[in-house]
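Let me begin by presenting the structure, written as structure tokens, before commenting on it.
Note on naming: letters A, B, ... go to the chains in the order of the sequence lines (proteins, then strands), and numbering restarts at 1 for each one. No hydrogens, no waters, no symmetry mates; every other heavy atom, side chains included, goes into these values.
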There are 2 protein chains.
Amino acid sequence: MIDPTARVPPYRQLAEIIRERIDSGQYPKGSRLPSEAEFMEEFEIGRNTARRAVGVLREAGLVETVKTRGSYVL
Amino acid sequence: MIDPTARVPPYRQLAEIIRERIDSGQYPKGSRLPSEAEFMEEFEIGRNTARRAVGVLREAGLVETVKTRGSYVL
DNA sequence: TCTCATTTGTTCGTATGTATC
DNA sequence: AGATACATACGAACAAATGAG
């Protein structure tokens, strides 16, 4: 899924994957995104990378993150 | 007891300490391990670290953890 | 039945150190 | 030098189940 050797860094690759899943309806509006731990497991990445990916989408206004709860699709 | 500056991280140091206590009979088979809160206090560590240490032993098959009850020596 | 403390499970926020490119 | 990544750690808050009373 994620290629660590690509020119685009892993956190951006993941952000793009999540964005596609949102666009496709796999992650519907209002639903909760997988947790950082789940992204870590699915994509075999560290927590930093998972967090940064979600952070990209948060700054882009696509998701909202609530402490101790998770991130939700807007 | 635990040296945060050692090359071996605290959670592994604690896992080793618990393992020794099991081997020595200080934590007998079938008995309940101290709770995470108790490990936190005794070793002055965070909950993460206590949990990870027990997790190491759980994955090693030395203990079994029951939600809301605790971890038991196998 | 109800309340309360205990205990593990989960989740995000933050910080540090090390390594790699 | 800078960006990126990983491992580790601490904290905080909440959930859920158990057990004591």
Choosing from [options], which nucleotide comes nearest the side chain of [X]?
X: Asn48(A); options: dT8(C), dG11(D), dA15(C); value: dA15(C)
X: Ser35(B); options: dG13(C), dA5(D), dT7(C); value: dT7(C)
X: Arg51(B); options: dG11(D), dT8(C), dA5(D); value: dT8(C)
X: Tyr11(B); options: dG13(C), dT8(D), dA16(D); value: dT8(D)
X: Pro9(A); options: dT18(D), dA5(D), dC12(C); value: dA5(D)
X: Glu36(A); options: dG9(C), dG13(C), dA9(D); value: dG13(C)

Whole-Å distance between [N] [atom2] and [X] [atom1]?
X: Arg69(A); N: dG13(C); atom1: CZ; atom2: P; result: 12 Å
X: Leu33(A); N: dT11(C); atom1: CG; atom2: C1'; result: 13 Å
X: Leu14(A); N: dT4(D); atom1: CG; atom2: P; result: 14 Å
X: Arg58(B); N: dT7(C); atom1: CZ; atom2: C1'; result: 13 Å
X: Lys67(A); N: dA13(D); atom1: NZ; atom2: P; result: 6 Å
X: Glu44(A); N: dA7(D); atom1: CD; atom2: P; result: 11 Å
X: Phe43(B); N: dA9(D); atom1: CZ; atom2: P; result: 14 Å
X: Phe39(A); N: dT10(C); atom1: CZ; atom2: C1'; result: 16 Å

Taking only side-chain nitrogens and oxygens of [X], does any of them come within less than 4.0 Å of OP1 or OP2 of [N]?
X: Arg32(A); N: dT11(C); result: yes
X: Thr49(A); N: dC6(D); result: yes
X: Arg12(B); N: dT8(D); result: yes
X: Arg52(A); N: dA3(D); result: no

Checklist line | Nearest heavy-atom neighbours spanning Leu62(A) and Arg19(A) | finding: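 It is CD1-NH1, 3.8 Å.
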Next item on the list: Classify the side chain of Arg47(A) and the base of dT14(C) as holding, or not holding, a donor-acceptor pair under 3.5 Å.
Entry: yes
Check: Would you say Glu38(A)'s side chain and Ser35(A)'s backbone share a donor-acceptor pair under 3.5 angstrom?
Finding: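 Yes, Glu38(A) side chain to Ser35(A) backbone: donor-acceptor pair under 3.5 Å.
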Notebook entry, point to check: Are the side chain of Gln13(A) and the backbone of Asp3(A) linked by a donor-acceptor contact shorter than 3.5 Å?
Noted result: yes
Next item on the list: Report yes if the side chains of Thr65(A) and Leu33(A) come closer than 4.5 Å at any heavy-atom pair, otherwise no.
Entry: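 No, their side chains stay 4.5 Å or more apart.
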Note to self: Applying a 4.0 Å non-hydrogen cut-off, can you work out what Pro10(A) is touching in the nucleic acid: base, sugar-phosphate, or nothing?
What the structure shows: sugar-phosphate
Check: Step by step, would you call Tyr27(B) with Val63(B) a side chain to side chain contact (heavy atoms under 4.5 Å, CB included)?
Finding: CA-CA 11 Å; Tyr27(B) 297 152; Val63(B) 306; over 6 Å; no
Check: Quick one: on DNA chain D, does Thr68(A) or Ile45(B) contact a more 5' nucleotide (nearest heavy atom)?
Finding: Ile45(B)
Next item on the list: State whether a side-chain donor-acceptor pair under 3.5 Å links Tyr72(B) with Arg69(B).
Entry: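 Per modelled atom types, Tyr72(B) and Arg69(B) side chains form a pair under 3.5 Å.
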